[in-house]
J.: 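Dumping the structure here so I can ask a few things about it.
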Amino acid sequence: MTEEQYQEEVVAMRARLMMTARRYLTNDEAEDTVQDVLLRLWQMLPELHSPMEPLAHILVRNYSVDRLRRKRPTLQLSEVADATDSKTGSERAERIMAIISRLPAMQQTIFRLRHIEGMETRDIALLMGSTEAAVRKSLSRARQSIIRRYNDHK
């Protein structure tokens with residue numbers, strides 16, 4: 001594909017790529033995602049063939065999903081406590097850490113690696129010799145247990 005063909009196709013499909021990205025992301029993030037995809041396609045220029053729009057849509061969708069996964073919120077200790085709780089932040093944190101220390105060993109380890117050390121689930125799975133699905137399930141159970149125990153002992 002030549003540079004001229006690339007530019008013509010980009011002009012023709014840019015609005016549709018933006019619509020695809022906006023289904024997943026905010027306007028600014030969608031613009032960044034489309035720019036990233038167009039840059040990636042530009043770097044692939046010698047290997048590209050016309051039409052490149054189907055490939056571009058797949059890349060935009062995948063980049064958008066990747067962005068959403070990267071900004072997935074993690075549980076913060078302060079979020080576990082109820083906003084109307086009269087305890088100070090340090091008392092809540094101590095109480096939550098005590099609850100964490102009473103979790104089963106595997107859940108405790110996975111929870112600490114994910115939320116205190118900030119490791120990704122795939123890295124934890126490799127470290128623990130487990131699957132990502134098992135790590136996610138254990139993490140979910142740990143979170144539910146922490147929240148349930150915290151709310152039971154208000």
J.: Looking at every heavy atom in both Tyr150 and Arg95, which two are closest together, and how far apart are they?
T.: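 It is O-NH2, 2.5 Å.
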
J.: Under a 4.5 Å cut-off applied to non-hydrogen side-chain atoms, are Ile124 and Glu117 in contact?
T.: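 They are not in contact (no side-chain heavy atoms under 4.5 Å apart), so the answer is no.
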
J.: Is it the case that more than 12 heavy atoms not belonging to Arg40 sit under 6.0 Å from its CZ atom?
T.: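 Counting other residues, nucleotides and ligands, CZ of Arg40 stays at 12 neighbours or fewer.
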
J.: Report the C-alpha separation of Met44 and Leu55 in whole Å, then their side-chain angles, then the decisive distance to 0.1 Å, and conclude whether the side chain to side chain contact (heavy atoms under 4.5 Å, CB included) test is met.
T.: CA-CA 11 Å; Met44 297 170 48; Leu55 174 62; 3.9 Å; yes

J.: Consider only side-chain N and O atoms of Arg67 and Thr33, and report whether a donor and an acceptor are under 3.5 Å apart.
T.: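 Yes.
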
J.: Under the rule for salt bridge (Lys or Arg N to Asp or Glu O under 4.0 Å), what residues qualify as partners of Glu29, not counting sequence neighbours?
T.: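 For Glu29, the residues satisfying salt bridge (Lys or Arg N to Asp or Glu O under 4.0 Å) (neighbours in sequence not counted) are Lys71.
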
J.: Between Gln43 and Pro46, what is the shortest heavy-atom contact and its length?
T.: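 What the structure gives for the nearest pair is O-CD, 4.1 Å.
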
J.: If hydrophobic clusters are built by linking Ile, Leu, Val, Met, Phe, Trp and Tyr wherever their side-chain heavy atoms come under 4.5 Å apart, do Leu38 and Ile58 end up in the same one?
T.: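 Different clusters.
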
J.: Please name all residues satisfying ring pair (Phe, Tyr, Trp, His ring centres under 6.0 Å) with Tyr6, sequence neighbours left out, ordered by chain then number.
T.: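 In terms of ring pair (Phe, Tyr, Trp, His ring centres under 6.0 Å), with neighbours along the sequence ignored, Tyr6 is linked to Trp42.
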
J.: Using a 6.0 Å cut-off, check whether atom CE of Met106 has over 12 heavy atoms from anything other than its own residue.
T.: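 No.
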
J.: Ignoring hydrogens, what is the shortest heavy-atom contact between Ala56 and Leu41? Give both atom names and the distance.
T.: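 Where Ala56 meets Leu41 most closely, the heavy atoms are CB-CD1, 3.7 Å.
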
J.: Just to verify, what does Glu94 make a salt bridge (Lys or Arg N to Asp or Glu O under 4.0 Å) with, not counting sequence neighbours?
T.: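 Salt bridge (Lys or Arg N to Asp or Glu O under 4.0 Å) check on Glu94 returns nothing, list empty.
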
J.: I need the Thr109 OG1 to Ile100 CD1 distance, nearest 0.5 Å.
T.: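 Interatomic distance, Thr109 OG1 to Ile100 CD1, rounded to 0.5 Å: 11.5 Å.
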
J.: Quick check for you: to the nearest 0.5 Å, what is the distance between Thr20 atom OG1 and His57 atom NE2?
T.: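 These two atoms lie 4.5 Å from each other.
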
J.: Between Arg114 and Met119, is there a side-chain heavy-atom distance shorter than 4.5 Å?
T.: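 Met119 does not reach Arg114 side chain to side chain.
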
J.: Does the pair Arg136/Glu132 count as a salt bridge with the N-to-O cut at 4.0 Å?
T.: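 Yes, Arg136 and Glu132 are salt-bridged.
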
J.: Is a donor on one side and an acceptor on the other found under 3.5 Å between the side chain of Arg22 and the backbone of Asn27?
T.: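 Answer holds: no.
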
J.: Is the shortest side-chain heavy-atom distance between Arg102 and Gln108 below 4.5 Å?
T.: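 Not touching, per the 4.5 Å side-chain cut-off.
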
J.: Using the rule that Ile, Leu, Val, Met, Phe, Trp and Tyr join whenever any side-chain heavy atoms are under 4.5 Å apart, tell me whether Leu139 and Met97 fall into a single cluster.
T.: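 In one cluster: yes.
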
J.: What residues form a side-chain contact (heavy atoms from CB on, under 4.5 Å) with Ser101, not counting sequence neighbours?
T.: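 So Ser101 forms a side-chain contact (heavy atoms from CB on, under 4.5 Å) with Arg112.
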
J.: Taking all non-hydrogen atoms of both residues into account, name the closest pair between Ala30 and Leu25 and its distance.
T.: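 Looking at all heavy atoms of both residues, the shortest contact is N-CB, 4.0 Å.
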
J.: Look at the side-chain heavy atoms of Ile, Leu, Val, Met, Phe, Trp and Tyr, link any pair under 4.5 Å apart, and say whether Ile110 and Leu126 land in one connected group.
T.: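 Cluster IDs for Ile110 and Leu126 differ.
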
J.: CD of Glu8 to CD of Gln5: how many Å apart, nearest 0.5 Å?
T.: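 Interatomic distance, Glu8 CD to Gln5 CD, rounded to 0.5 Å: 7.0 Å.
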
J.: Would you kindly confirm whether Leu45 and Leu17 end up in one hydrophobic cluster when ILVMFWY residues are joined by side chain heavy atoms under 4.5 Å apart?
T.: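 Looking at the clustering, Leu17 is in the same group as Leu45.
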
J.: Is a side-chain donor or acceptor of Ser145 paired with a backbone partner of Arg141 at a separation under 3.5 angstrom?
T.: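 Pair absent, no side-chain N/O of Ser145 close to backbone of Arg141.
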
J.: Hey, could you give me the NZ/CD distance between Lys137 and Gln107, rounded to the nearest 0.5 Å?
T.: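 The NZ atom of Lys137 sits 10.5 Å away from the CD atom of Gln107.
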
J.: Under the side-chain contact (heavy atoms from CB on, under 4.5 Å) rule, collect the residues that match up with Ala134, sequence neighbours excluded.
T.: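 Applying side-chain contact (heavy atoms from CB on, under 4.5 Å) to Ala134 gives Ser130, Thr131.
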
J.: Taking Pro51's backbone N and O only, do any of them form a donor-acceptor pair with Glu9's side chain (distance below 3.5 Å, no angle check)?
T.: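 Side chain of Glu9 to backbone of Pro51, a donor-acceptor pair under 3.5 Å: no, none is there.
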
J.: Taking the six-membered ring of Tyr24, is NZ or CZ of Arg61 closer than 6.0 Å to its centre and within 45° of its axis?
T.: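 Judged by the rule (NZ or CZ under 6.0 Å from the ring centre, within 45° of its axis), Arg61 is not positioned above Tyr24.
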
J.: Not counting sequence neighbours, which residues clear salt bridge (Lys or Arg N to Asp or Glu O under 4.0 Å) with Glu31? List them please.
T.: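 Result, salt bridge (Lys or Arg N to Asp or Glu O under 4.0 Å) vs Glu31: Arg14.
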
J.: Set out, in order, the CA-CA distance, both residues' side-chain angles and the distance that settles side chain to side chain contact (heavy atoms under 4.5 Å, CB included) for Phe111 and Ile146, then state yes or no.
T.: CA-CA 10 Å; Phe111 186 87; Ile146 291 168; 3.6 Å; yes

